[in-house]
Amino acid sequence: MALWFECKVRYDKMQENGMVKKINEPYLVDALTFTEAEARIVEEMKPFISGEYSISSEKKTKISEIFFNEGGDRYYLVKVNFITLDEKSGAEKKTATLILVQASDFEDALKNFLEGMKGTMGDFEIASIVETPLMDVFPANLG
């Protein structure tokens, strides 16, 4: 299972009007440790950044899975409640899970999520779908 780190990169970005603006953008990186996450984000961002930059923050996320879609330019965080039955008490138990979905808009995110969940044996309900500020996601390069 992948371990996802959100890394924020602060750097100077040239605006369309020619002005330089300091920005702080979040990215998601698949890594085993904070050290590896920092090294991966630096490596991934090198081609896009010239000049000074810094990693302003790093944090582990609770994202359990990502449904990629090449046509999508945004990332939506879907909170899903998996519903199980407690055999002793007979009560319903809900377990929340976070899944990131790449999509072009909200409707596309819902469609891509449901497509990714096809074949799931358990019952689930969508608690929320929220657009994230993530700029890009860098999975592990295992090849």
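Just so you know, these numbers come straight off a predicted model, no measurement behind them.
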Gap separating the OH atom of Y76 from the CZ atom of F106, nearest 0.5 angstrom: 8.5 Å
Name of the residue among D30, I99, L100 meeting side-chain contact (heavy atoms from CB on, under 4.5 Å) with I66: L100
Of the non-hydrogen atoms in K13 and E25, which two are nearest, and what is the gap between them? NZ-OE2, 3.5 Å
Presence of salt bridge, E44 and R40, under 4.0 angstrom: yes
Determine yes or no for a side-chain-to-main-chain donor-acceptor pair under 3.5 angstrom, with T61 supplying the side chain and W4 the backbone. yes
Considering all heavy atoms, the nearest P133-P26 contact: O-CG, 3.4 Å
Side chains of L28 and F5, heavy atoms from C-beta outward: is any pair under 4.5 Å? no
In terms of hydrophobic clustering (I, L, V, M, F, W, Y; side-chain heavy atoms under 4.5 Å; direct or indirect links), are L3 and F138 co-clustered? no
Between Y27 and M45 the two heavy atoms that sit nearest each other are OH-CE, 3.2 Å
With a cut-off of 6.0 Å (strictly less than), are more than 12 heavy atoms of other residues, nucleotides or ligands near NZ of K22? yes
Should L134 and F68 be regarded as members of a common hydrophobic cluster, given that ILVMFWY residues are connected when their side-chain heavy atoms come within less than 4.5 Å of each other, either directly or indirectly? yes
Give a yes or no on whether E125 atom CD has more than 12 heavy-atom contacts from other residues, nucleotides or ligands under 6.0 Å away. yes
In terms of heavy-atom contacts, does CD of Q15 have more than 12 from other residues, nucleotides or ligands at under 6.0 Å? yes
Determine, step by step, whether I55 and V9 satisfy the side chain to side chain contact (heavy atoms under 4.5 Å, CB included) criterion, reporting the C-alpha distance in whole Å, the side-chain angles of both residues, the deciding distance to 0.1 Å, and the verdict. CA-CA 5 Å; I55 310 304; V9 182; 4.0 Å; yes
Assigning hydrophobic clusters by single linkage (Ile, Leu, Val, Met, Phe, Trp, Tyr; side-chain heavy-atom cutoff under 4.5 Å), is V29 placed with F34? no
Nearest 0.5 Å, what's the CD-OG1 distance between E58 and T33? 8.5 Å
Heavy-atom closest pair, residues D105 and R74: CA-NH1, 3.9 Å
To the nearest 0.5 Å, how far apart are CG in N81 and OG in S128? 8.5 Å
CG/D86 to CD/E92 distance, rounded to the nearest 0.5 angstrom? 11.0 Å
Please check if M117 and I83 belong to a single hydrophobic cluster, counting links between Ile, Leu, Val, Met, Phe, Trp and Tyr side chain heavy atoms closer than 4.5 Å. no
If two hydrophobic side chains count as joined below 4.5 Å and joins carry through other members, does F82 share a cluster with L85? no
Where do I129 and A109 come nearest, in terms of heavy atoms and distance? CG2-CB, 4.4 Å
Rounding to 0.5 Å, atoms CD1 (I63) and OG1 (T132) come to a distance of 7.5 Å
Could you please spell out the steps behind the side chain to side chain contact (heavy atoms under 4.5 Å, CB included) verdict for K79 and I126? CA-CA 6 Å; K79 182 178 179 183; I126 298 171; over 6 Å; no
Passes side chain to side chain contact (heavy atoms under 4.5 Å, CB included), V80 versus F113? Steps please. CA-CA 10 Å; V80 184; F113 170 76; 3.3 Å; yes
For the NZ atom of K21 and the CD1 atom of I23, what is their distance to the nearest 0.5 Å? 8.0 Å
How about N69 and D108: do any of their side-chain heavy atoms sit closer than 4.5 Å? yes
Taking every heavy atom of Q102 against every heavy atom of G72, the minimum-distance pair comes out as NE2-O, 3.0 Å
